[in-house]
Peer 1: 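Encoded as structure tokens, here's the structure I'll be asking about.
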2 protein chains.
Amino acid sequence: MTPFSDHPEFPGCQPNRDELRQRLATAGLRATTQRILILESLVVLPGHPTAEQVHRQVAATEPTVSLGTVYKTLDSFVAAGLTKRVASAEGACRRYDSDCSAHHHLYCTDTKEIIDYSNPELDALIRDFFATRGLGNFQPHSFSLHIAGSRTSS
Amino acid sequence: MTPFSDHPEFPGCQPNRDELRQRLATAGLRATTQRILILESLVVLPGHPTAEQVHRQVAATEPTVSLGTVYKTLDSFVAAGLTKRVASAEGACRRYDSDCSAHHHLYCTDTKEIIDYSNPELDALIRDFFATRGLGNFQPHSFSLHIAGSRTSS
DNA sequence: CTATCTGCAAAGGGTTTGCACGCTT
DNA sequence: AAGCGTGCAAACCCTTTGCAGATAG
């Protein structure tokens with residue numbers, strides 16, 4: 001059971017080798033076996049996998065791939081825009097906030113600052129949106145909007 | 001220059017010792033010197049300080065306070081609801097996402113799952129909100145809504 | 001007085017780095 | 001053939017843990 005279960009008859013039902021090669025080439029990255037496997041794992045794995053999970057997935061096919069390579073490769077993918085990194089409250093570099101009321105965050109991409117932002121109108125807007133629409137069997141408790149941007153010069 | 005620069009004439013211009021003691025007592029935590037200093041640091045420090053930054057601030061007054069204590073104390077504050085923890089993309093336990101398009105996240109507080117959520121109407125709603133209102137000299141590039149909640153049983 | 005909290009130091013987990021070898025282009 | 005990419009292992013950083021002594025209530 002190779003992860004490259006691409007069937008020519010059903011193109012696109014799984015990412016296939018050539019498609020992945022193409023994506024790497026477009027991003028300016030060499031198409032090595034490891035990178036193809038890692039890129040495929042990212043597409044195949046559900047949710048937002050950790051480096052560790054990607055490594056396990058890749059190792060199922062190619063056990064010699066090292067965890068260090070997975071880290072380096074994921075970094076290069078992020079730099080090339082092939083992948084995004086999503087924040088997680090678990091783990092290192094935690095930050096704390098004395099303000100326990102619900103509020104939103106402005107991330108300044110220039111200065112890396114995190115600024116609190118509160119706006120009751122915005123809260124109401126979002127709350128109403130989900131009140132009318134719903135999210136299937138998912139019941140939202142709280143909302144936090146992350147606004148990335150930068151300060152306009154002057 | 002003690003951080004306890006509380007002036008009885010200007011109550012509330014700085015958090016004062018007794019107020020902080022009270023907050024700790026209400027939360028069911030013993031009012032130790034360390035906890036008062038740490039709680040004060042959280043209020044005084046700008047942005048979202050790391051444990052390291054809190055430690056530096058506290059050590060300015062009481063150099064014997066250990067970093068380990070800061071970690072334990074912050075944990076107890078979070079458990080008691082005195083403080084929130086905010087996620088940061090920096091540091092450990094990174095997660096990756098092959099979907100590079102802008103989208104939102106559902107965090108299931110029960111299963112710790114992170115589920116992608118896209119809704120063009122929601123995007124438009126938020127974009128329009130800030131288009132009319134603005135954020136001073138802050139120019140938003142992208143928005144990401146973090147929706148915490150849980151699955152309804154059944 | 002007693003349970004809780006602190007300080008210390010060691011362990012732990014995740015991530016990064018340096019270098020020699022191998023592979024893509 | 002030339003240079004980028006890989007594997008390995010050590011180093012690194014942040015966080016957690018265990019335990020003896022100190023302290024608040």
Side-chain angles (χ1 to χ4, degrees), chain A residues 17-18 20-41 48-59 61-80 82-83 85-96, chain B residues 17-18 20-39 41 48-59 61-80 82-83 85-96 112:
Chain A
R17 259 168 297 202
D18 292 340
L20 296 175
R21 271 174 198 287
Q22 192 53 50
R23 287 228 266 156
L24 288 168
T26 307
L29 298 170
R30 286 188 179 173
T32 66
T33 313
Q34 293 87 337
R35 285 180 172 172
I36 294 171
L37 285 168
I38 291 169
L39 187 52
E40 197 205 29
S41 297
H48 298 121
T50 62
E52 180 76 43
Q53 290 173 317
V54 170
H55 181 236
R56 259 200 301 280
Q57 170 75 20
V58 168
T61 303
E62 203 74 56
T64 58
V65 175
S66 74
L67 184 56
T69 295
V70 172
Y71 275 109
K72 286 178 195 168
T73 304
L74 288 172
D75 278 352
S76 65
F77 283 5
V78 171
L82 280 176
T83 305
R85 191 138 58 202
V86 346
S88 154
E90 314 298 321
C93 261
R94 293 175 173 181
R95 288 172 175 277
Y96 298 87
Chain B
R17 259 167 299 200
D18 292 341
L20 296 175
R21 271 174 198 287
Q22 192 54 51
R23 288 228 266 157
L24 289 167
T26 307
L29 298 171
R30 287 188 178 175
T32 66
T33 313
Q34 293 88 337
R35 284 179 174 173
I36 294 170
L37 286 167
I38 291 169
L39 186 51
S41 297
H48 298 121
T50 62
E52 181 76 43
Q53 289 172 316
V54 170
H55 181 239
R56 260 200 300 278
Q57 171 75 19
V58 167
T61 303
E62 203 74 57
T64 59
V65 175
S66 73
L67 183 56
T69 295
V70 172
Y71 275 109
K72 286 178 195 170
T73 303
L74 288 172
D75 277 352
S76 64
F77 285 4
V78 171
L82 281 176
T83 305
R85 190 141 56 203
V86 347
S88 154
E90 315 298 320
C93 260
R94 293 175 172 178
R95 288 173 175 275
Y96 299 86
K112 313 288 181 197

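Chain identifiers are assigned alphabetically (A, B, ...) following the order of the sequence lines, protein sequences preceding nucleic acid strands; residue numbering begins at 1 within each chain.
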Peer 1: Are the side chains of B:Leu29 and B:Leu82 in contact, using a 4.5 Å heavy-atom criterion?
Peer 2: yes
Peer 1: In whole Å, what is the span from the CD1 atom of B:Ile36 to the C1' atom of C:dT6?
Peer 2: 14 Å
Peer 1: Expressed as a whole number of angstroms, how long is the span from A:Lys72:NZ to C:dG14:P?
Peer 2: 19 Å
Peer 1: Give me, pair by pair, the N or O atoms of the protein and of nucleotides 23-25 of chain C that are less than 3.5 Å apart, along with how far apart they are.
Peer 2:
unit_1: C:dT24; atom_1: O2; unit_2: A:Arg30; atom_2: NH1; d: 3.3
unit_1: C:dT25; atom_1: OP1; unit_2: A:Ala31; atom_2: N; d: 3.0

Peer 1: Pick the closest DNA chain C nucleotide for A:Asp75 and for B:Val70 by heavy atoms, then say which residue is nearer the 5' end.
Peer 2: B:Val70
Peer 1: Do the side chains of A:Val58 and A:His55 get nearer than 4.5 Å, heavy atoms only?
Peer 2: no
Peer 1: Which whole-number value in Å describes the distance from B:Glu62 CD to C:dG7 P?
Peer 2: 8 Å
Peer 1: List the residues meeting side-chain contact (heavy atoms from CB on, under 4.5 Å) with A:Ala25, not counting sequence neighbours, and say none if there are none.
Peer 2: none
Peer 1: Between B:Leu24 and B:Phe77, which heavy-atom pair has the shortest distance, and what is it?
Peer 2: CD2-CE1, 3.7 Å
Peer 1: Any side-chain N or O of B:Gln34 below 4.0 angstrom from OP1/OP2 of D:dT23?
Peer 2: no
Peer 1: Any base atoms under 4.0 Å from A:Ser76, or only sugar-phosphate, or nothing? Heavy atoms, all strands.
Peer 2: nothing
Peer 1: Specify the closest pair of heavy atoms between B:Val70 and B:Ile38, including all atoms of both residues, with the distance to one decimal.
Peer 2: CA-CD1, 3.9 Å
Peer 1: Do the side-chain N or O atoms of B:Thr64 get closer than 4.0 angstrom to the phosphate oxygens (OP1, OP2) of C:dT6?
Peer 2: no
Peer 1: Looking at C:dT6, C:dC19, C:dG7, which one has an atom nearest to any side-chain atom of B:Arg35?
Peer 2: C:dT6
Peer 1: Can you give me the closest heavy-atom contact between A:His48 and A:Gln53, atom names plus distance?
Peer 2: O-OE1, 4.2 Å
Peer 1: According to a strict under-4.0 Å criterion, is A:Ser66 in side-chain N/O contact with OP1 or OP2 of D:dT6?
Peer 2: no
Peer 1: Whole-Å distance between C:dA10 P and B:Leu67 CG?
Peer 2: 16 Å
Peer 1: Could you tell me how far apart B:Leu37 (CG) and C:dG7 (P) are, to the nearest whole angstrom?
Peer 2: 10 Å
Peer 1: Check whether any side-chain heavy atom of A:Gln34 sits under 4.5 Å from a side-chain heavy atom of A:Glu62, and report yes or no.
Peer 2: no
Peer 1: Starting from P on C:dT4, measure out to CG on B:Leu24 and report it in whole angstrom.
Peer 2: 16 Å
Peer 1: Atom CG of B:Leu74 to atom P of D:dC14: distance rounded to whole Å?
Peer 2: 15 Å
Peer 1: From CD of B:Glu52 over to C1' of D:dC13, roughly how many Å is that when rounded to an integer?
Peer 2: 10 Å
